[in-house]
Asks: 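My questions will all concern the structure given below.
Values reported hereafter were calculated over all heavy atoms of this structure, with side chains retained and with hydrogens, waters and symmetry mates removed.
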Protein chains: 2
Amino acid sequence: MAPRALAKQTNAEMPDVVSDLEILIGYNMKRAYVAIQKDFRAALGEGGLSPRTFSALSLVVAHPNISQSSLARLLGIERSGLVAIIDELERRNYLTRSHVPGDRRVQALVATHEGNAAYQATLATVQAHEERLLATLSATEKHTLMQILIKIRLTDKEDI
Amino acid sequence: MAPRALAKQTNAEMPDVVSDLEILIGYNMKRAYVAIQKDFRAALGEGGLSPRTFSALSLVVAHPNISQSSLARLLGIERSGLVAIIDELERRNYLTRSHVPGDRRVQALVATHEGNAAYQATLATVQAHEERLLATLSATEKHTLMQILIKIRLTDKEDI
DNA sequence: CGCATATTGTTAATCAGGTAAACAGTTTTG
DNA sequence: CAAAACTGTTTACCTGATTAACAATATGCG
């Protein structure tokens with residue numbers, strides 16, 4: 001088995017077998033996610049929400065009065081990491097931190113009218129981006145993919 | 001539709017519907033990848049290779065004498081970002097940068113004997129980690145998943 | 001009651017992974 | 001031969017995330 005010669009031109013190398021990476025699900029999942037994320041950001045444009053900020057807003061809209069601790073847990077990140085995300089959403093006037101009567105530690109998060117509107121518009125854009133990007137997948141494939149992704153998520157005992 | 005009351009106890013909140021995120025493939029793909037990556041690192045332990053360093057080593061083993069530019073392209077990252085990865089592999093004595101006769105710019109990457117051995121051992125560990133983590137998936141599901149991930153990868157025109 | 005323990009939001013330091021821009025040295029091309 | 005292109009590299013920077021500490025507040029229990 002002779003060693004492959006050094007390819008000088010990038011377009012001259014289209015190897016039949018790239019490496020063992022080809023059969024590793026983790027590697028291909030990362031590459032697929034990077035492709036999705038890139039398209040997500042392109043779809044939302046320059047001043048758009050980042051994936052994580054969009055996710056946080058989505059959960060606040062779905063769970064009015066949620067605390068930051070609970071939200072961090074749903075997102076699977078640390079409380080400390082959430083602060084900057086909520087700061088941004090507050091700066092955009094998409095939500096408010098409001099003190100709750102019973103407990104002076106927590107600050108209930110509530111989406112503003114503007115935040116709700118921006119969320120609905122962004123959600124539509126995100127759904128359009130996924131439909132366009134994943135147009136080559138059949139409805140069955142998308143459904144199967146979701147089922148599998150959720151199964152994998154749940155192997156992490158910290159998830160949800 | 002009354003707003004949900006603020007849940008004070010984390011274990012008291014197990015909402016039937018979390019948010020629209022539930023039906024977004026991008027979000028679930030990220031969560032699934034995070035789970036896989038976490039298990040990958042746990043499987044390889046403290047002094048183990050990171051996913052990206054393992055990937056780079058895999059490609060060097062599969063493509064002896066590859067240049068850093070070509071390798072970066074295969075990995076889908078910038079040349080500049082690869083330098084630190086190759087530095088680490090060289091520090092571990094897993095590969096060598098050797099000058100090639102024809103072109104004094106490029107440095108051909110070649111895995112050492114030690115690097116090959118470490119790679120084979122690590123690959124076995126990684127495969128065991130995936131088999132264990134994805135034990136709930138049938139062979140058909142794994143196969144379908146790989147096909148779909150590759151389809152999604154290829155929506156990125158920069159890929160491969 | 002009072003004290004230990006726990007929780008909430010926050011800051012600060014740090015890390016991993018990655019990009020973009022510039023650069024010197026070296027081909028390649030018109 | 002001059003202009004353009006390519007290679008590896010450094011530097012500065014960015015995003016996303018973690019850990020450790022902290023003050024304020026709440027809860028549990030003897």
Side-chain angles (χ1 to χ4, degrees), chain A residues 6-13 27 30-31 33-35 37-38 40-41 44 46 48-56 65-73 75-90 95-109 158, chain B residues 6-13 27 30-31 33-35 37-38 40-41 44 46 48-56 65-73 75-90 95-109 158:
Chain A
L6 177 64
K8 288 190 179 181
Q9 309 274 44
T10 34
N11 59 7
E13 83 208 356
Y27 182 73
K30 174 168 188 180
R31 298 295 297 259
Y33 176 63
V34 167
Q37 211 209 29
K38 191 192 290 187
F40 179 109
R41 291 180 191 277
L44 265 55
E46 191 66 22
L49 297 175
S50 63
R52 67 179 196 159
T53 310
F54 170 75
S55 300
N65 292 304
I66 194 172
S67 69
Q68 287 185 209
S69 281
S70 299
L71 179 54
R73 189 159 162 280
L75 286 169
I77 64 175
E78 294 297 317
R79 288 189 328 284
S80 58
L82 186 58
V83 175
I85 300 172
I86 300 302
D87 283 351
E88 182 195 339
L89 287 170
E90 200 178 35
L95 58 74
T96 58
R97 289 163 154 120
S98 59
H99 278 287
V100 354
D103 192 328
R104 273 183 295 182
R105 293 170 303 181
V106 306
Q107 297 180 183
L109 305 175
E158 318 265 311
Chain B
L6 177 64
K8 288 190 178 180
Q9 309 275 41
T10 33
N11 59 7
E13 82 206 0
Y27 183 73
K30 173 167 189 180
R31 297 295 296 259
Y33 175 64
V34 166
Q37 210 210 30
K38 190 192 287 187
F40 179 109
R41 291 180 191 276
L44 264 54
E46 191 66 23
L49 297 175
S50 61
R52 66 178 197 162
T53 311
F54 170 76
S55 300
N65 290 305
I66 194 173
S67 69
Q68 288 185 209
S69 281
S70 300
L71 179 54
R73 189 160 163 281
L75 286 169
I77 64 175
E78 294 298 315
R79 286 185 337 279
S80 58
L82 186 58
V83 175
I85 300 173
I86 300 302
D87 283 350
E88 181 194 340
L89 287 170
E90 198 178 38
L95 57 73
T96 57
R97 289 163 153 118
S98 60
H99 278 286
V100 352
D103 192 328
R104 274 184 293 182
R105 293 170 302 179
V106 305
Q107 297 180 183
L109 303 175
E158 318 265 310

Asks: Is there a side-chain polar atom (N or O) of Arg97(A) under 4.0 Å from OP1 or OP2 of dT10(C)?
Replies: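 For dT10(C), OP1 or OP2 has a side-chain N or O of Arg97(A) closer than 4.0 Å.
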Asks: Examine dT7(D): is either OP1 or OP2 under 4.0 Å from a nitrogen or oxygen in the side chain of Gln107(B)? Give yes or no.
Replies: no
Asks: Which heavy-atom pair separates Leu49(B) from Phe40(B) by the least distance, and what is that distance?
Replies: O-CE2, 3.7 Å
Asks: Starting from C1' on dT8(C), measure out to CZ on Arg105(A) and report it in whole angstrom.
Replies: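 That distance rounds to 6 Å.
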Asks: Any chance you could measure Thr96(B), atom OG1, to Leu89(B), atom CG, to the nearest 0.5 Å?
Replies: 11.5 Å
Asks: Between Glu90(B) and Leu95(B), is there a side-chain heavy-atom distance shorter than 4.5 Å?
Replies: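 Result yes, sub-4.5 Å side-chain heavy-atom pair found.
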Asks: Using whole Å, what does the distance between atom C1' of nucleotide dT10(C) and atom CG of Leu71(A) come to?
Replies: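 So the CG-C1' distance, Leu71(A) to dT10(C), works out to 15 Å.
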Asks: Pick out the pairs of N or O atoms, protein on one side and nucleotides 14-21 of chain C on the other, that lie under 3.5 Å.
Replies:
{"from": "dG17(C)", "atom 1": "OP1", "to": "Arg41(B)", "atom 2": "NH2", "distance (Å)": "2.8"}
{"from": "dG18(C)", "atom 1": "OP1", "to": "Lys30(A)", "atom 2": "NZ", "distance (Å)": "2.5"}
{"from": "dT19(C)", "atom 1": "OP2", "to": "Glu78(B)", "atom 2": "N", "distance (Å)": "3.1"}
{"from": "dA20(C)", "atom 1": "N6", "to": "Ser80(B)", "atom 2": "OG", "distance (Å)": "3.1"}

Asks: How long is the line joining CG of Asp103(A) and P of dA6(C), in whole Å?
Replies: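 It works out to 17 Å between those atoms.
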Asks: What's the CG-P distance between Leu89(A) and dG9(C), to the nearest Å?
Replies: 15 Å
Asks: Does Ser69(B) place a side-chain N or O at less than 4.0 Å from the phosphate oxygens OP1/OP2 of dT7(D)?
Replies: yes
Asks: Ignoring backbone atoms, test whether Arg79(A) places a side-chain nitrogen or oxygen under 4.0 Å from the OP1 or OP2 oxygen of dA6(C).
Replies: no
Asks: Applying a 4.0 Å non-hydrogen cut-off, can you work out what Arg104(A) is touching in the nucleic acid: base, sugar-phosphate, or nothing?
Replies: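 Sugar-phosphate contact only.
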Asks: Any salt bridge (Lys or Arg N to Asp or Glu O under 4.0 Å) pairs touching residues 75-87 of chain B, not counting sequence neighbours?
Replies: Asp87(B)-Arg97(B)
Asks: In Å, rounded to the nearest 0.5 Å, how long is the span from CG of Leu71(B) to CG of Leu82(B)?
Replies: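 One gets 4.5 Å once the value is rounded to the nearest 0.5 Å.
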Asks: What distance do Leu44(A) atom CG and Ser50(A) atom OG have between them, rounded to the nearest 0.5 Å?
Replies: 9.5 Å
Asks: How long is the line joining CG of Asp87(A) and P of dG9(C), in whole Å?
Replies: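 The distance from CG of Asp87(A) to P of dG9(C) comes to 13 Å, rounded to the nearest Å.
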